[in-house]
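Can you read through this structure? Questions will come right after.
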Amino acid sequence: MHAVELIQKKRDGKRLSLEELKFLVHGYVQGQIPDYQMAAWTMAVFFQGMEPEEITDLTLLMAGSGDTLDLSAIHGVKVDKHSTGGVGDTTTLVLAPLVASVGVPVAKMSGRGLGHTGGTIDKLESIPGFQTSLTPQEFISQVNRIGVGVVGQTGELAPADKLLYALRDVTATVESIPLIASSIMSKKIAAGADGFVLDVKVGRGAFMKQEAEAVRLAETMVQIGTLAERATVALVTDMNQPLGRCIGNALEVKEAILTLKGQGPANLTELCLQLGTEMLLMAGACSDAGEARRKLEDSLQQGRALAKFREWVEAQGGDPQITEDLSLLPQAKFRQSLAALKAGYVQEVDPLALGAAAMHLGAGRETKDSVIDLAVGIELKVGEGDYVGEGSVLAEIYANDQQRLTEALQTGLGAFRIGDEKPPARPLVYRKITAEDV
Ligand code: URA
Ligand code: CA
């Protein structure tokens, strides 16, 4: 086999076989196929696309290219939730203990944030004492004991994807649905779950700006999961404004605790209930969506989800007292309100501008090596469609540096558009894609 023939085949719109993809992926990881040939192939895929079985072959080859996590020692069906990334997405912190509190195990590997997108591991590390690096044995025995565990990446998962993603980044081939879908699914499959509930974000603050492309990405990932014999469903959900009210690590932990107490923002609470419902159904814990939702609501109302959160925090070395005393979380030195310049309805709350402002405050990483400040961030006081008077508080900015605070007030103000008309309400969940749809 020669790489040039495989590039030519894809260039001409033909499907590569498993053997041919194996030759490319293994050859690339072993350094036998040079970047320029792999880049030519990714560009050919960009223009010609791939067949569902072909994408699945690629996904499984990448998933198997490095370490994989074996969760079979955990009792029950392990369902993982994955979000394609948004601003202020606090769902995992709520969903993991919520789903575990009704008896469905959650064994999750999460990442750190980069750019305007926050990472669950950084958020968890703002809990004093919380450890995110457990050995696989510690992780598995914790999930068997209390039903929940979230850890940072151990070992090297899907190194083929890591190499390929870096190559795509510098060859203008990131924006290819088969390549994005296989990239995400390869890492998920390597992390060992039996099934996946995917939260595919769409809108200004998301990777996919248009509903049609988000739906295509969701369909492709559901197709891969199904062909790879993992139960998979996807919800296409709104990211035209930040999810919930808080952006920033310790602030999002506070928001998660309030949500577990039933005092959280409506959109975050609702999304957790809908994703949680899919997880319960997939795990076979309920026979229909109504029953699943009732179980989750009961658990929230009766404090079982919050109790599970405390148990989880304690198991990973963190201080469970944070649920009773939020001041135990890292606190910023400065806090200043952002006030509306005029009265009217909030038309837009731009998640990209707020994500960037939070990042410049220190809540996110500008580069992979940046050190983040867990205490800083932004707490929104209004959302799309709310009426504000002149001078009303739009948001509170939390900072540890006066200069950065001043800059964040400027950028933050640009994130809000205020006008006379009440804007139409936007759905939180646009579509649900199941195996039957693909
Ligand atoms: N996220 C990924 O993990 N991979 C992609 O290709 C794009 C977004
Ligand atoms: Ca949030």
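When a ligand or atom number is given, it counts from 1 through the structure's own listing order.
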Legend entry - Expected output: side-chain Asn400 to main-chain Ala332 donor-acceptor under 3.5 Å: no
Legend entry - side chain to side chain donor-acceptor pair (under 3.5 Å) contacts in which one or both residues fall within residues 250-260, not counting sequence neighbours: Thr90-Glu252, Thr90-Glu255, Lys123-Glu252, Lys254-Glu379
Legend entry - Atom indices of ligand 1, in the order listed, that fall short of 4.0 Å to a heavy atom of Ser183: 2 (C), 3 (O), 4 (N), 5 (C), 6 (O)
Legend entry - Proximal atoms of ligand 1 relative to Phe207 (non-hydrogen, under 4.0 Å): 7 (C), 8 (C)
Legend entry - Lys9 atom NZ, over 12 foreign heavy atoms within 6.0 Å: yes
Legend entry - atom 3 (O) of ligand 1: the protein heavy-atom neighbour that sits closest, reported with distance to 0.1 Å: Lys187 NZ, 2.5 Å
Legend entry - Gln223 side chain to Glu219 side chain, donor-acceptor N/O pair below 3.5 angstrom: no
When the side chains of residues 41-51 are checked against the rest of the protein, which donor-acceptor pairs come out under 3.5 Å, sequence neighbours left out?
residue : atom : partner : partner atom : Å
Thr42   : OG1  : Ala39   : O            : 2.8
Thr42   : OG1  : Thr173  : OG1          : 3.4
Gln48   : NE2  : Arg11   : O            : 2.8

Inset, instruction - Would you list the protein N, O or S atoms within less than 3.0 Å of the Ca ion (ligand 2), leaving out water? - result: Gly88 O, Thr90 OG1, Leu243 O, Cys246 O, Glu255 OE1
Legend entry - Pairing residues for Arg417 by the salt bridge (charged side-chain N to carboxylate O under 4.0 Å, His left out) criterion, not counting sequence neighbours: Glu348
Inset, instruction - Give the residue, atom name and distance (to 0.1 Å) of the protein heavy atom nearest atom 7 (C) of ligand 1. - result: Tyr165 OH, 3.1 Å
Legend entry - Stepwise side-chain hydrogen bond (donor to acceptor under 3.5 Å, both in side chains) check, Lys108 with Thr92: CA-CA 9 Å; Lys108 190 165 173 55; Thr92 296; 4.8 Å; no
Inset, instruction - Would you please determine whether Val174 falls within less than 4.0 Å of ligand 1 on a heavy-atom basis? - result: no
Inset, instruction - Mark yes or no for whether Gln131, through its side chain, and Gly129, through its backbone, hold a donor-acceptor pair below 3.5 Å. - result: yes
